[in-house]
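This report refers to the structure that appears directly beneath it.
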Amino acid sequence: MIATLHIKNIGIIEDLSIDLNKGLNVLTGETGAGKTLIIDSLQIISGGRFSKEMIRKGENNSFVELCMYEPNSEKAEEGNIIISREINVNGKNMCKINGRMTTVNELKEFMSNFIEIHGQNDNQNRLDSKQHLGYLDGFMGEEIKPEKNKYEKLYQEYHKIKQELKTNFGDEKEKQRKLDLLQYQVKEIEEAKLKPEEEKELEEKRKVMLNSEKITENLGQANKLIEEGGIDGISMAIRALEKIENIEEKYEKVASNLKSIYYELQEISRDISGYGQAIYFDEKERDYLEERLDLIHSLKRKYGNTIEEILTYKKDIEKEIQQIENLEGYHSKLRQRKQEVENQMNELAKEIHNKRKATAKDLMERINDEIKELEMKNAKINIHVDYREGEYFKTGKDIVTFYIVTNLGEDEKELSKIASGGEMSRIMLAIKKVLADTDQIPVLIFDEIDTGISGKAANAVAHKLKAIAKKHQVLCISHLPNIAAAADYNYFISKNVKQDRTKTQIKLLKENEVIEEIARISSGEINEITLKYATELRNKKAS
């Protein structure tokens, strides 16, 4: 649910914070005070469109921030969600979800799980036939999920098989051209006779050969210095120590250590000598190394970043060659599996259709019962569940469409073709009332819900909003005393002028102020009669 809404620099709203509550929150107030701007702000934070003209005059940007929380979350801090959106006069958007930058589309998708706004334009979209199957399946709840889940898995496999069958490498000429190219690539890689560690070994040999003169010269110099300055001198030192090693043990020990060093130096000298003899420069071998490395680099540019990747690519295209050469047999197996999947999908789709057909009758009756109470006594909803032979959709084989007859003697029309915004809002309210127990959207916002109604219909609207508010947080902008009287929390929106600028204010009303506001909107003035009427309305809500 929404805990706090913060709006800055939108229209006549300068800086406004609203703390909202569970249940039915009703916003009333003066005409032009900014009630619609609050709904606009909620649409903006939900990823809706924004016009630069909405930015408060003289300001560079607008800002909307929303704090929501999941009441059932085990840890309060995990349940908190903070969403913000800043829009600048240059058109730049900055959207954040819990401090993380996101796009407007991502924001819209995220918020669609939390907030549903019902205004005239929003209802036009929600009453579109694309939404109708969702309403029916939502009403069915868990009953249809097992079949739908099985069907969806089969549908994914079916779609994949169709794509594979479609990918037939073009016509016969195109297929042969593709085959020739792949075979050429395999032959080119095979003829190279690549080995996994070969490139590293070739690079090392090449490096040694290019530096052969430098290596030979320095190895010879090192060996000469060891022999002349090291081995000969140590040999003479050993002989001198041998003459006194019997006198005291420590001289013998020193002589022994020196002999070890002497033998190590001899070994090092032999190694260096051997290294020097192994160094040579062969122009033919150098050319071979250069050509081999050039070939490897050329193959890497074509087929992979490493020899291992090139060899893996070769295996992959060998499989593709085999697939092309055996395409008809492979496609025959695919077609057989496709038929099996279709048969299973048809069975499940029929089960789903029968369940939808049966449930549609119940849903239709319940919506029509609700509509009768909303001053639309001659209106009747019809739900068509049409099974499409030969067509497969992600959700089955059904097209679900809500139709309505608004007046006796008229033909039924698609729900989205209703002209009146007030009728749209009331029908949407009736649908939401029926779906209240299964609807997963926690926050419902109603604007223009009371357009063109009064009397018993107004009472019915208030009653239904109240019922929906038991399972959802509901925000409603209203001009009707009946709806204001049904609220759990009443907010009064007003405007004042300060330093030649108009700005919006909002106030959570106390009980006595609620009575006065109900009296005001019932007749336009507050007196003993209207206060008595307001009190009676409020008492009905309490009972």
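All heavy atoms count here, side chains included; hydrogens, waters and symmetry mates do not. Computed from a predicted model, the values in this text were never measured in an experiment.
Counting only heavy atoms from C-beta outward, the side chains of Leu42 and Ile2 approach each other to under 4.5 Å. At least one side-chain heavy atom of Gln163 sits less than 4.5 Å from a side-chain heavy atom of His159. The closest side-chain heavy-atom distance from Val443 to Phe114 is not below 4.5 Å. Looking only at side-chain heavy atoms (C-beta outward), His118 and Ile445 stay at 4.5 Å or farther from each other. Using a 4.5 Å heavy-atom threshold, the side chains of Tyr135 and Val400 count as separate. Looking at Glu528 and Lys532, their side chains never come closer than 4.5 Å, going by heavy atoms from C-beta outward. Contact check for Leu465 versus Phe446: side-chain heavy atoms found under the 4.5 Å cut-off. Using a 4.5 Å heavy-atom threshold, the side chains of Gln43 and Asp40 count as touching.
Salt-bridge check for Asp398 with Arg388: failed, with every basic side-chain N at 4.0 Å or more from each acidic carboxylate O. A salt bridge does not link Arg85 to Glu65: none of the charged nitrogens lies less than 4.0 Å from a carboxylate oxygen. Taking 4.0 Å as the cut-off between side-chain N and carboxylate O, Asp447 and Lys35 do not count as a salt-bridged pair. Salt-bridge formation is detected for the pair Glu147/Lys355: a Lys NZ or Arg NE/NH1/NH2 atom is positioned less than 4.0 Å from an Asp or Glu carboxylate oxygen. Using a 4.0 Å cut-off between a side-chain N of Lys or Arg and a carboxylate O of Asp or Glu, Glu30 and Lys495 do not qualify as a salt bridge.
In this structure, the side chain to side chain donor-acceptor pair (under 3.5 Å) partners of Gln339, at least two apart in sequence or on a different chain, are Asn343. Looking at residues two or more places apart in sequence or on another chain, you find no ring-ring contact (aromatic ring centres under 6.0 Å, His included) involving Phe139.
Not a single donor-acceptor pair under 3.5 Å links the side chain of Thr359 to the backbone N or O of Arg356. Counting only distance, with no hydrogens or angles, the side chain of Asn490 and the backbone of Val514 share no donor-acceptor pair below 3.5 Å. With hydrogens and angles disregarded, a donor-acceptor distance shorter than 3.5 Å links the side chain of Arg56 to the backbone of Ile12. No donor-acceptor pair closer than 3.5 Å links the side chain of Glu106 to the backbone N or O of Thr102. Asn25 contributes a side-chain N or O that, together with a main-chain N or O of Asn21, makes up a donor-acceptor pair within less than 3.5 Å. When atom types are taken as modelled, the side chain of Thr504 and the backbone of Ala33 share a donor-acceptor pair closer than 3.5 angstrom.
Closest heavy-atom contact between Val26 and Ala487: CG2-CB, 3.4 Å. In terms of heavy-atom proximity, Ala430 sits nearest to Leu374 at CB-CD1, 4.1 Å. Between Ser41 and Ile10, the shortest heavy-atom distance links the atoms OG-CD1, 3.6 Å.
The line from CD1 of Ile468 to CG of Leu429 is 4.5 Å long, rounded to the nearest 0.5 Å. Within the model, atoms CD of Gln473 and CE of Met1 stand 4.5 Å from one another, a figure rounded to the nearest 0.5 Å. One distance of note links CG of Leu435 with NZ of Lys471; it measures 12.0 Å at 0.5 Å rounding. Atom CD in Glu412 sits 9.5 Å away from atom NZ in Lys380 (nearest 0.5 Å). In this structure, Ile521 CD1 and Ser478 OG are separated by 6.0 Å, a value rounded to the nearest 0.5 Å. Atom CG of residue Asn88 and atom OG of residue Ser62 lie 9.0 Å apart, to the nearest 0.5 angstrom.
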- Message: As a quick check of understanding, evaluate salt bridge (charged side-chain N to carboxylate O under 4.0 Å, His left out) for Glu513 and Lys507, giving each step before the final call.
- Response: CA-CA 10 Å; Glu513 294 171 322; Lys507 180 184 180 183; 2.5 Å; yes
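Ring-plane geometry between His384 and Tyr403 is classed as tilted, the angle between the planes lying from 30 to 60 degrees on a 0 to 90 degree scale. The aromatic rings of Tyr387 and His353 lie perpendicular to each other, with more than 60° between the two planes, well past the 30° mark.
Checked options Arg538, Lys470, Lys466; the residue passing with Asp488 is Lys466 (criterion: salt bridge (charged side-chain N to carboxylate O under 4.0 Å, His left out)). When each of Val64, Asn9, Ile44, Asn61 is tested with Ile87 by the rule side-chain contact (heavy atoms from CB on, under 4.5 Å), just one qualifies, namely Ile44. Arg337 pairs with exactly one of Glu342, Glu164, Glu157 by the salt bridge (charged side-chain N to carboxylate O under 4.0 Å, His left out) rule, that one being Glu157.
Judged by distance alone, the side chains of Glu525 and Ser523 never bring a donor and an acceptor atom under 3.5 Å apart.
Tyr392 and Tyr155 have their aromatic ring centers separated by at least 6.0 angstrom.
The neighbour count for Glu511 CD, taken as heavy atoms of other residues, nucleotides or ligands under 6.0 Å away, is above 12. Applying the 6.0 Å contact sphere to CD of Glu59 captures more than 12 heavy atoms from other residues, nucleotides or ligands. Environment of NZ in Lys350: crowded, with over 12 heavy atoms of neighbouring residues, nucleotides or ligands closer than 6.0 Å.
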